[in-house]
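Right, one structure below, let's go through it.
We use all heavy atoms of the structure for the numbers below, so side chains are in, but hydrogens, waters and symmetry mates are not.
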Amino acid sequence: MTPLHSDPTGISTATSEAPRPRDTSRRYRTPARRLGLAVVAGASAVALAACGSGSGTSGGSGGEVDTTELSIAYSAQPGSLDPHISTAEATFDFMRGVYEGLVALDDEGVPQPQLAESIDTNEDYSEYTFHLREGITFHDGSALDAQDVVDTMERWTELAPAGGSFSDVTWEAVDDLTVTMTSPVPFYAALTLMANHQNQYPAVTTSEAIEAAGPEGLGEFVGTGPYSFVEWVDSQYVKLEKNEDYVPYEVDSTGGASPSEVVYDTVTLNVVSDPSTRVSGLQSGEYDIASHILSDQIPQVEGAGAQQETFGKGLSGMYFNLNEGPMADKNLRHAVLTGLDMEAILTGAYGGPDFFTVEGAIATELQTNWYTDAGTEEYNVQDQELAQEYLEKSDYDGEPVRLNVTRDYQDHYDTAVVVEQQLNEMGIAAELVVSDWPTVLATAKDEPGAWEISFSSWSPQSMPTRYTFQGENASGALIGDPYYEAVKAVHYTDSLESAQTALDEQQTAFYDFLPAIIFGKKTGTVGYSADLAPIQIQEGAGSMGLWYLATPAG
């Protein structure tokens with residue numbers, strides 16, 4: 001494991017010198033010293049320093065800024081707008097401004113209060129007390145209280161793969177503004193796991209919305225965030241409007257925990273699956289921002305006078321159906337891992353080496369508290385003889401291996417095309433099954449007999465065990481396998497040092513059990529109108545969900 005900071009759950013930039021332990025007394029405190037750095041719903045990984053609109057009013061030219069409307073072209077349709085049940089990045093990106101959580105991460109990955117004003121914990125991190133902010137209201141006008149939080153956390157624990165580690169936790173509303181969380185074992189990682197930083201976080205909503213939710217998820221999208229939900233037209237757009245009653249928590253923090261000014265009156269997130277249409281719409285002024293620009297489109301964007309930013313955006317990879325079908329055979333999974341050429345796969349999806357990193361660790365090197373290379377000697381070995389030995393040990397008899405993939409995220413499809421070719425060359429009869437993104441997710445979740453491998457990518461998570469493919473109730477997971485105990489062991493510790501030791505063991509177990517294959521680290525590119533000031537990138541984060549929380553040009 002690389003040299004680490006001593007503060008809880010921190011992310012900081014790796015340097016050539018061993019990082020020195022930082023004073024954490026102001027950051028994370030036992031009962032005698034309260035965790036008092038509270039924050040407002042913050043800027044995302046990608047936040048604009050100025051704003052504009054499709055109406056053509058210039059913001060970057062020094063004229064008066066038009067904050068009436070922002071139009072965004074997004075690559076994929078969210079299958080659900082319920083952040084508790086959807087693992088899709090699109091759900092997070094569309095709804096991050098609507099909902100807030102109890103905690104968020106600053107730019108060093110340290111949990112900071114968000115809807116909580118402060119948090120107390122005991123010495124071994126088995127008891128947490130959340131003191132909620134006063135005067136916070138939901139979009140329906142009702143006041144935030146402790147029972148809303150308890151109902152939210154219990155629903156998230158029951159439904160979300162990410163919430164599985166909280167299954168033995170007890171939540172209690174002590175009074176209107178005080179919530180306690182009690183774990184039967186030390187739970188050092190609790191705040192990091194629930195942080196409002198990644199998809200499927202415990203977005204706080206009303207008890208009434210939870211009670212009214214049906215089998216398909218929430219039907220009422222009521223949060224406390226800076227934007228309220230207006231309308232969702234399936235496969236077309238989601239419209240949001242400014243929450244005039246939003247009360248930011250004005251403190252000096254950073255990253256996802258930093259304060260944000262509510263700028264635009266309305267924000268429309270348009271579903272535009274075709275990459276060329278997103279770029280042409282950006283060029284014509286129909287869209288102010290276009291997501292998921294392909295690397296070979298960057299010259300086209302810049303040549304039209306628009307701008308772009310490329311930033312680190314997490315993992316590219318695929319996960320297996322472990323419950324039934326040929327990939328339930330671990331020897332076959334290892335044959336696949338051993339034979340794949342990761343650089344060829346990444347090149348096919350992302351272009352040149354400036355847009356990806358061939359690396360098998362689950363954490364990024366910026367996550368110095370959570371980075372380990374344990375087990376990665378199994379990664380990218382490209383040993384065809386060994387792959388054939390694994391294949392011969394397996395029970396595989398030539399049946400089709402169906403690759404469940406979408407073109408809504410072009411990089412998913414492009415990686416799958418290369419993997420299909422490599423698997424067939426290894427003697428594994430791979431075939432693509434292409435659907436829209438909601439169908440890919442629904443197939444993986446609800447139709448275990450219809451797929452063997454699903455392709456995805458994952459925005460950077462608060463810690464490596466937080467990725468959905470590590471969850472015992474994730475799509476395709478083999479419920480009850482001892483591997484998941486290694487995941488939980490990272491969470492249930494009483495110190496950072498114990499968690500780091502458990503993480504070494506867990507990543508080694510990952511490369512043995514192999515629930516998924518990581519191709520490497522990828523980037524994302526956003527195109528935006530020249531009327532907008534340059535995008536400011538938060539290193540180490542990945543979501544594009546808060547473009548519309550910005551400060552207008554002066």
Side-chain angles (χ1 to χ4, degrees), residues 26-43 83-84 95-106 110-122 127-156 169-182 190-191 194-197 201-211 220-229 241-262 546 549:
R26 294 192 308 116
R27 292 185 176 271
Y28 199 91
R29 298 183 174 130
T30 54
R33 297 177 297 173
R34 174 173 291 183
L35 182 89
L37 280 182
V39 299
V40 67
H84 296 164
M95 301 299 282
R96 171 62 178 82
V98 173
Y99 293 106
E100 297 175 294
L102 283 174
V103 292
L105 298 185
D106 65 20
V110 178
Q112 302 290 352
Q114 187 171 66
L115 286 176
E117 183 165 9
S118 60
I119 305 167
D120 299 333
T121 181
N122 64 351
E127 297 177 4
Y128 293 80
T129 301
F130 299 85
H131 304 275
L132 304 181
R133 294 168 56 198
E134 294 187 47
I136 302 301
T137 58
F138 289 100
H139 299 145
D140 64 1
S142 62
L144 168 71
D145 65 27
Q147 193 59 50
D148 296 311
V149 172
V150 170
D151 291 342
T152 291
M153 299 307 301
E154 290 180 345
R155 181 178 191 265
W156 175 73
V169 162
T170 301
W171 294 88
E172 181 181 357
V174 177
D175 57 40
D176 286 349
L177 293 175
T178 308
V179 176
T180 59
M181 186 196 89
T182 305
L191 296 184
M194 70 172 70
N196 182 5
H197 174 76
Y201 69 99
V204 175
T205 189
T206 64
S207 298
E208 291 74 16
I210 291 171
E211 184 177 357
E220 303 171 12
F221 307 111
V222 183
T224 59
Y227 281 86
S228 60
F229 172 82
E241 68 180 6
K242 180 189 294 187
N243 175 13
E244 299 289 354
D245 297 323
Y246 179 65
V247 181
Y249 201 2
E250 295 294 351
V251 296
D252 183 16
S253 193
T254 58
S258 61
S260 294
E261 180 179 352
V262 187
L546 289 193
L549 295 182

Looking at [atom1] of [X] and [atom2] of [Y], how far apart are the two atoms once the value is rounded to the nearest 0.5 Å?
{"X": "Tyr128", "Y": "Ile119", "atom1": "OH", "atom2": "CD1", "result": "9.0 Å"}
{"X": "Asp151", "Y": "Glu208", "atom1": "CG", "atom2": "CD", "result": "8.5 Å"}
{"X": "Thr180", "Y": "Glu127", "atom1": "OG1", "atom2": "CD", "result": "8.0 Å"}
{"X": "Met181", "Y": "Met153", "atom1": "CE", "atom2": "CE", "result": "8.0 Å"}
{"X": "Glu154", "Y": "Thr170", "atom1": "CD", "atom2": "OG1", "result": "8.5 Å"}
{"X": "Gln112", "Y": "Gln114", "atom1": "CD", "atom2": "CD", "result": "11.0 Å"}

Minimum heavy-atom separation for [X] and [Y], please, with both atom names.
{"X": "Ala203", "Y": "Pro83", "result": "CB-CG, 3.6 Å"}
{"X": "Met95", "Y": "Phe221", "result": "CE-CB, 3.8 Å"}
{"X": "Ser228", "Y": "Val98", "result": "C-CG2, 4.5 Å"}
{"X": "Trp171", "Y": "Met194", "result": "CH2-CE, 3.8 Å"}

Set out, in order, the CA-CA distance, both residues' side-chain angles and the distance that settles side-chain hydrogen bond (donor to acceptor under 3.5 Å, both in side chains) for Ser207 and Gln147, then state yes or no. CA-CA 7 Å; Ser207 298; Gln147 193 59 50; 5.3 Å; no
Is a side-chain donor or acceptor of [X] paired with a backbone partner of [Y] at a separation under 3.5 angstrom?
{"X": "His84", "Y": "Trp156", "answer": "no"}
{"X": "Arg133", "Y": "Leu144", "answer": "no"}
{"X": "Asp145", "Y": "Asp176", "answer": "no"}
{"X": "Thr205", "Y": "Val222", "answer": "yes"}
{"X": "Asn243", "Y": "Gly225", "answer": "yes"}
{"X": "Thr152", "Y": "Asp148", "answer": "yes"}

I'd like to check [X] versus [Y] (side-chain heavy atoms, cut-off strictly below 4.5 Å). Are they in contact?
{"X": "Val110", "Y": "Leu105", "answer": "no"}
{"X": "Val150", "Y": "Glu172", "answer": "no"}
{"X": "Tyr99", "Y": "Val204", "answer": "no"}
{"X": "Thr178", "Y": "Thr129", "answer": "yes"}
{"X": "Thr224", "Y": "Thr137", "answer": "no"}

Option passing side-chain contact (heavy atoms from CB on, under 4.5 Å) with Phe130 (candidates Val174, Leu102, Thr121): Leu102
Can Glu100 and Tyr246 be said to form a side-chain hydrogen bond (donor to acceptor under 3.5 Å, both in side chains), step by step? CA-CA 11 Å; Glu100 297 175 294; Tyr246 179 65; 3.2 Å; yes
Show, in sequence, the C-alpha distance, side-chain angles and deciding distance for Asp120 and His131, and conclude whether the side-chain hydrogen bond (donor to acceptor under 3.5 Å, both in side chains) test is met. CA-CA 8 Å; Asp120 299 333; His131 304 275; 3.0 Å; yes
Tell me, with the steps shown, if Glu241 and Phe229 meet side-chain contact (heavy atoms from CB on, under 4.5 Å). CA-CA 7 Å; Glu241 68 180 6; Phe229 172 82; over 6 Å; no
